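The block underneath contains the structure these notes are about, expressed in structure tokens.
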Amino acid sequence: MYTERELEQKVEEIDLHMPVPEQEEERQLYYLKKCRELLREQSGAAGRKMTFCVTTFGCQMNARDSEKLEGILELIGYEKADEEHADFVIYNTCTVRENANLKVYGRLGYLHSRKKKNPHLMIGLCGCMMQEPQVVEKIKKSYRFVDLIFGTHNIFKLAEILADRLERGKMVIDIWKDTDQIVENLPVDRKYPFKSGVNIMFGCNNFCSYCIVPYVRGRERSRAPEDIIAEIENLVKDGVVEVMLLGQNVNSYGKNLEQPVTFAQLLSRIAQIEGLKRIRFMTSHPKDLSDELIEVMAKYPKICRHLHLPVQSGSSEVLKAMNRRYTKEQYLALVDKIRAAVPDISLTTDIIVGFPGETEEDFQETLDVVRRVRYDSAFTFIYSKRSGTPAAAMDNQVPEETVKDRFDRLLHEVQEISKEMSSRFTGTVQEVLAEEVNDHDPSLLTGRMGNNLLVHFPGDASMIGSLLNVHLDECRGFYYMGSIVRKDGQEVE
Ligand code: 5AD
Ligand code: SF4
């Protein structure tokens, strides 16, 4: 892992007259330098700095990928701007539900009208949606004005793809079907100075029957524990106090490494990194959540008392058709076991309604799980048919009206419970990470508790990035109003 200055120095040392290096990291630094030169010419001609904007759709995995794209673009010499004013716009897309795709097509229409006015505007598309061959076909046919298309497996190649586009002046498409490569040591531009996502694994091998992720993110690959730990140690040196370990299914981390390591083992090593104050992780598949993990969570208070444990459905029949590989009873037993070991834990989940063949009784089972578990919050989704997945070919799709009705009933239930659960900390003092000045009232700061709930409290910008003890004065639905207290519990004047 290089520091920013070391990376800068490495790029400076590159001689573009030398042959293009074969080794991937060096090769990308070579192209970074090349793009730098090409951009310098562009900026010279325009008489100003060139700007970029990366717009992210979808999950935290994509958000982290976007930070990597931004790191590369900044090292090339682009300056960050908002989408309206950027010379180079990249959409990092999501395809988990159809809505996500429709959003991208809609915004492309708008970008086209901008490009007609400014022919120098460059448009790049990457991320999960680009891993679907029919999407790329559609863009090639109906969105000719797009400049670059690449996928989820080769974002580290942005500089090489960009150099190609700048030199050839034609649409460049570079999509890999899958990969076993993990390229380390490339630049990253973190959104927050005090917290960061950290990829621990890529891809997914679960093939839940509704989900497109295994097709667009490829097979499971884990990073070596030493690389992860070195990255976190560097982040801590750079002022990071909280990390979010990212993977589609963190509980199966390390199974395919040459020297297998469990997620619980990795987590306990990370918990011992000095200076690191908080650890989060996402996402846990219930079928792989081990007793060892529960023990580690109970042992280290640094590991946030929060577990995102997607249930998807409460009906064992539907779960079977979803290929989730647990039953309602097994899920509930797991929740009991976790709560017994970590009593103050907050549980959140994802639920899909309207999976093919879901009956009213199946749906009642889902409501039953929601009432029994009492989630702190739940993301609820209407089933979306994704072509190529086994569920898309099932012939018992549920009528739209029925799904809408179930969705509304579920949402109501989830929100009522969530309000009650959220308020259970009223009157207590909690450790809160101050994250930003409040959007609406600049005399307030907004921070997050370990369980991910937001708290607004009087404070000033100098406190951002600090962990503070905050008294939770009042719960307002899904967030708290609070006040900072001293260690002895007295309010700070
Ligand atoms: N339709 C609706 N929701 C889906 N999810 C994944 N695939 C689909 C789909 N085809 C939801 C799941 C997952 C979350 C990230 O998105 O609940 O946990
Ligand atoms: Fe994330 Fe999945 Fe969407 Fe890709 S498809 S951005 S992995 S949620």
Side-chain angles (χ1 to χ4, degrees), residues 56-65 92-103 127-129 131-132 134-135 152 197 201-217 244 246-252 280-289 306-315 318-319 321-326 328 331 334 347-358 362-363 365-366 369-370 373 375 377-394 396-400 402-404 406-408 410-411 414 452:
T56 311
F57 300 83
C59 65
Q60 313 237 14
M61 212 53 136
N62 261 18
R64 182 64 178 160
D65 284 350
N92 190 4
T93 63
C94 169
T95 186
V96 78
R97 285 169 292 274
E98 199 188 358
N99 272 352
N101 295 42
L102 298 178
K103 238 191 259 170
C128 297
M129 208 175 139
Q131 292 294 139
E132 292 186 277
Q134 71 274 23
V135 168
T152 55
M201 60 189 304
F202 303 91
C204 178
N205 285 355
N206 286 313
F207 291 95
C208 301
S209 62
Y210 51 82
C211 188
I212 200 161
V213 170
Y215 306 89
V216 297
R217 287 268 175 189
M244 164 77 96
L246 297 170
Q248 242 78 42
N249 176 14
V250 293
N251 295 326
S252 65
R280 303 181 182 281
F281 54 87
M282 252 199 168
T283 283
S284 286
H285 194 307
K287 81 175 162 59
D288 298 314
L289 198 142
H306 173 212
L307 195 58
H308 186 65
L309 198 61
V311 65
Q312 312 298 3
S313 167
S315 151
V318 173
L319 287 169
M322 285 178 163
N323 191 29
R324 291 290 289 175
R325 287 172 276 174
Y326 54 83
K328 175 187 182 188
Y331 183 91
L334 179 63
L347 293 175
T348 58
T349 200
D350 293 339
I351 303 170
I352 298 176
V353 282
F355 183 82
E358 184 190 70
D362 292 322
F363 176 66
E365 299 274 12
T366 299
V369 168
V370 166
V373 176
Y375 294 105
S377 76
F379 296 100
T380 50
F381 304 108
I382 285 183
Y383 167 71
S384 170
K385 196 169 168 177
R386 307 313 290 131
S387 59
T389 61
M394 294 179 185
N396 43 3
Q397 307 282 327
V398 183
E400 204 179 311
T402 313
V403 179
K404 279 235 164 77
R406 285 181 196 160
F407 182 81
D408 291 343
L410 175 66
L411 193 64
V414 157
N452 222 21

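The first residue of the sequence shown is numbered 1, and numbering continues consecutively from there. Atoms considered below: every heavy atom in the structure, side chains included; atoms not considered: hydrogens, waters and symmetry mates. In listed order, ligands and their atoms are each counted from 1. Keep in mind that what you see is a predicted model, and the values were worked out from it rather than measured.
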Task: Heavy-atom gap Thr283 to ligand 1 smaller than 4.0 Å - done: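 Per 4.0 Å heavy-atom rule, Thr283 does not contact ligand 1.
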
Open item on the list: Below a 4.0 angstrom heavy-atom separation, can you tell me which part of Tyr210, side chain or backbone, both or neither, approaches ligand 1?
Closed with: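 Tyr210 to ligand 1: contacts from backbone and side chain alike.
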
- [ ] Between Thr389 and ligand 1, find which residue part has any heavy-atom pair under 4.0 Å and reply side chain, backbone, both or neither.
- [x]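 Neither; nothing of Thr389 gets under 4.0 Å from ligand 1.
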
Could you tell me which atoms of ligand 1, counted from 1 in the order shown, lie closer than 4.0 angstrom to a heavy atom of [X]?
X: Val96; answer: 6 (C), 7 (N), 8 (C), 9 (C), 10 (N)
X: Ile352; answer: 3 (N), 4 (C), 5 (N), 12 (C), 17 (O)
X: Gln312; answer: 12 (C), 13 (C), 17 (O), 18 (O)
X: Tyr383; answer: 1 (N), 2 (C)

Examine distances only and state if a side-chain atom of [X] and a backbone atom of [Y] form a donor-acceptor pair shorter than 3.5 Å.
X: Arg325; Y: Asn206; result: yes
X: Ser384; Y: Glu98; result: yes
X: Asn323; Y: Ser209; result: no

Task: N or O pair under 3.5 Å between Arg386 and ligand 1 - done: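 Between Arg386 and ligand 1 (N or O atoms, distance only) the closest approach is not under 3.5 Å.
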
- [ ] Using distance alone, decide if ligand 1 has a nitrogen or oxygen within less than 3.5 Å of any nitrogen or oxygen in Ser384.
- [x]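 So ligand 1 has an N or O lying under 3.5 Å from an N or O of Ser384.
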
Open item on the list: Parallel, tilted or perpendicular, judged at 30° and 60°: which one describes the rings of Tyr331 and Tyr375?
Closed with: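 Rings of Tyr331 and Tyr375: tilted, 30 to 60°.
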
Task: Donor + acceptor pair across side chains of Glu358, Ser313 (<3.5 Å) - done: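 Result is no, nothing qualifies.
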
Open item on the list: Hydrogens and angles aside, do Thr348 and His306 bring a side-chain donor and acceptor to less than 3.5 Å of each other?
Closed with: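 Yes, side-chain donor-acceptor contact under 3.5 Å.
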
Open item on the list: So that I can tick it off, tell me whether Asp65 and Arg217 are bridged by a salt bridge, with the cut-off set at under 4.0 angstrom between side-chain N and carboxylate O.
Closed with: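 Result for this pair is yes, salt bridge flagged.
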
